[in-house]
2 protein chains.
Amino acid sequence: MKLSTKGRYGLRAVFEIGLKYGEEPVSIKTISENQGISENYLEQLFKNLRKEGIVKSTRGAKGGYELTKHPSLIKVSDVMNALEGSSKILECIDDGSCSREKYCPTRIIWLKVQKSIDDVMDTTTIQDIIDDYMKNNTGGK
Amino acid sequence: MKLSTKGRYGLRAVFEIGLKYGEEPVSIKTISENQGISENYLEQLFKNLRKEGIVKSTRGAKGGYELTKHPSLIKVSDVMNALEGSSKILECIDDGSCSREKYCPTRIIWLKVQKSIDDVMDTTTIQDIIDDYMKNNTGGK
DNA sequence: AGAAAGTTGAGTAAAATACTCAGAATTGAG
DNA sequence: CTCAATTCTGAGTATTTTACTCAACTTTCT
Ligand code: FES
Ligand code: FES
């Protein structure tokens, strides 16, 4: 059960944009340099982030990406859903999607695991990540 | 972030064996029939479960697999580790395994997610799964 | 006009997943 | 003792997913 680079890279990228929220658009080139992720790949990730309305773009010189909403309104789960399609650990989890559902002995476990993941991702926002980052890179000597 | 069939099938298989704990070994054939999993594939899964000491085997007629310990002593995480190699959602999680670790803005999120998953898998045992199954298939009408 | 961006769709290499298969080894039952 | 039941093992493979790359095009700023 591994988290793919889509999710990992994507969240770092969104964080990067969040840092400049309310200031200026951030270009793919900048993100690529700061986070060490290929420009080509970032393009793909942003295609999805844009489609899901998490970022908006400005073309042309001085263009780039910005968050559509305040960082405190964007949950980690939003980003994950946009990038990984869904943050479900398995298909069977949705009611009615599995023929064994009714008598499946292990279903309850996966539901619990899923819930615990959702709890974290739904209650953490980009702002939280930014705050945490600020604390660690200024507060402490 | 999907759970592979190794983990899903494997836990169902271990549950099946757990039902007969203290009674008789359960053959791959039986599990295959009850859980609808290919015999060939189950062999592969049991190769790992055995290596990690979760099950023990008896060859020959009337042979099969049994749990090495009481179901209440086998955690879901034990089974997952045996089957999926590790239940870590990413490599970076281990201290020192990632060069970005120190200033990585998203690391803390993944650590939280990991912890919440571990909490569930470490505190749920095969016995819990069995109990739950029994409740749902006898208690109710 | 020209450079700096984003936009899009297609394509691909590598890795992981999800199996299959054949045959050898072991054991219990008759 | 023999045979059928069963595990054991290593190798092989098809499919899917991941993780990208690339090229051409559009938009916008200066
Ligand atoms: S709910 Fe689908 S196999 Fe358990
Ligand atoms: S800790 Fe490795 S990229 Fe964040």
Side-chain angles (χ1 to χ4, degrees), chain A residues 1-13 16-17 20 24-33 35-68 80 83-91, chain B residues 1-13 16-17 20 24-33 35-68 80 83-91:
Chain A
M1 189 165 60
K2 290 275 177 290
L3 198 58
S4 74
T5 56
K6 283 183 214 156
R8 288 186 283 137
Y9 292 0
L11 192 61
R12 299 226 306 271
E16 189 83 17
I17 296 177
K20 300 285 182 188
E24 54 189 1
V26 184
S27 74
I28 277 192
K29 191 166 192 176
T30 306
I31 299 172
S32 169
E33 285 165 1
Q35 298 286 339
I37 305 169
S38 129
E39 295 185 32
N40 287 319
Y41 196 38
L42 280 171
E43 285 170 6
Q44 297 305 313
L45 302 183
F46 276 97
K47 191 190 292 188
N48 291 320
L49 290 172
R50 201 175 99 95
K51 188 164 34 174
E52 298 301 318
I54 292 175
V55 301
K56 65 184 171 195
S57 56
T58 312
R59 289 177 163 194
K62 293 286 168 190
Y65 293 92
E66 298 168 88
L67 297 183
T68 54
M80 287 304 128
L83 294 168
E84 310 238 353
S86 125
S87 56
K88 292 282 153 54
I89 58 172
L90 24 68
E91 309 302 336
Chain B
M1 190 165 62
K2 291 275 178 290
L3 198 59
S4 73
T5 56
K6 283 182 214 158
R8 288 186 283 136
Y9 291 179
L11 192 61
R12 297 225 307 272
E16 190 82 16
I17 296 177
K20 299 284 180 187
E24 54 190 359
V26 184
S27 74
I28 278 193
K29 190 164 191 177
T30 306
I31 300 172
S32 170
E33 284 166 1
Q35 298 288 338
I37 304 168
S38 128
E39 294 185 32
N40 286 320
Y41 196 38
L42 280 171
E43 284 171 6
Q44 297 306 312
L45 302 183
F46 277 98
K47 191 190 295 189
N48 292 319
L49 290 172
R50 202 175 98 96
K51 187 164 35 176
E52 298 300 319
I54 293 175
V55 301
K56 65 183 172 196
S57 56
T58 312
R59 289 176 162 195
K62 292 287 169 188
Y65 293 91
E66 298 169 86
L67 297 182
T68 53
M80 287 304 128
L83 294 168
E84 312 236 351
S86 128
S87 56
K88 291 283 152 52
I89 59 172
L90 24 67
E91 309 302 336

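Any value given below was found using the heavy atoms of this structure, including those in side chains, with hydrogens, waters and symmetry copies removed. So you know, we letter chains A, B, ... as the sequences are listed, proteins then strands, and number each from 1. Just so we're clear, the structure is a prediction, and the values are computed from it rather than from any experiment.
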Does any N or O in the side chain of E39(B) come within less than 3.5 Å of the main-chain N or O of S32(B), such that one atom is a donor and the other an acceptor?
no
Can you tell me how far CE of M1(B) sits from CD1 of I89(B), rounded to the nearest 0.5 angstrom?
5.5 Å
At their closest point, which heavy atom of E16(B) faces which heavy atom of V26(B), and how far apart are they?
O-CG2, 4.4 Å
Counterpart residues, side chain to side chain contact (heavy atoms under 4.5 Å, CB included), relative to E43(B) (two or more places apart)
I28(B), N40(B)
Sorted by number, residues from residues 49-68 of chain B placing a heavy atom under 4.0 Å from DNA chain C are R59(B), G60(B), A61(B)
Test side chain to side chain contact (heavy atoms under 4.5 Å, CB included) applied to I17(A) and V55(A), T30(A), I54(A), the passing residue
V55(A)
Using a cut-off of 4.0 Å on non-hydrogen atoms, how would the nucleic acid contact of K29(A) be classed: base, sugar-phosphate, or nothing?
nothing
Mind telling me whether Y41(A) and Y9(A) have parallel, tilted or perpendicular rings, with 30° and 60° as the class edges?
perpendicular
In short, P25(A) meets K62(A) closest at the heavy-atom pair CG-O, 3.9 Å
Testing the basics here: between K2(A) and S86(B), what is the closest heavy-atom pair and its distance to 0.1 Å?
NZ-OG, 4.3 Å
Atom pair NZ/CD1 of K20(A) and I31(A) - distance to nearest 0.5 Å:
11.5 Å
Opening and closing nucleotides of DNA chain C in contact with chain A, under 4.0 Å to non-hydrogen atoms
dA4(C) to dA10(C)
What residues 3-13 of chain A contributes to the DNA chain D interface at heavy-atom separation below 4.0 Å is S4(A), T5(A), K6(A), Y9(A)
Can you tell me how far CD of E33(B) sits from NZ of K29(B), rounded to the nearest 0.5 angstrom?
6.5 Å
Under a 4.0 Å heavy-atom cut-off, which of residues 35-44 of chain A touch DNA chain D?
S38(A), N40(A), Y41(A), E43(A), Q44(A)
What range of DNA chain D does chain A touch, first nucleotide to last, counting atoms under 4.0 Å from its heavy atoms?
dT18(D) to dC29(D)
Ignoring hydrogens and angles, tell me if any N or O in the side chain of S57(B) forms a donor-acceptor pair with the backbone of G64(B) under 3.5 Å.
no
Is the backbone of A13(A) close enough, under 3.5 Å, to the side chain of Q35(A) for a donor and an acceptor to pair up by distance?
no
Working note: L83(B) + E52(B), criterion side-chain contact (heavy atoms from CB on, under 4.5 Å); need CA distance, chi angles, decisive distance, verdict.
CA-CA 9 Å; L83(B) 294 168; E52(B) 298 300 319; over 6 Å; no
Within the structure shown, what part of the strands sits under 4.0 Å from K2(B) by heavy-atom distance: base, sugar-phosphate, or nothing?
nothing
Quick check: closest heavy atoms across L3(B) and R8(B), and the distance to 0.1 Å?
O-NE, 3.6 Å
Is it true that a side-chain atom of K56(A) and a backbone atom of R50(A) form a donor plus acceptor pair closer than 3.5 Å?
no
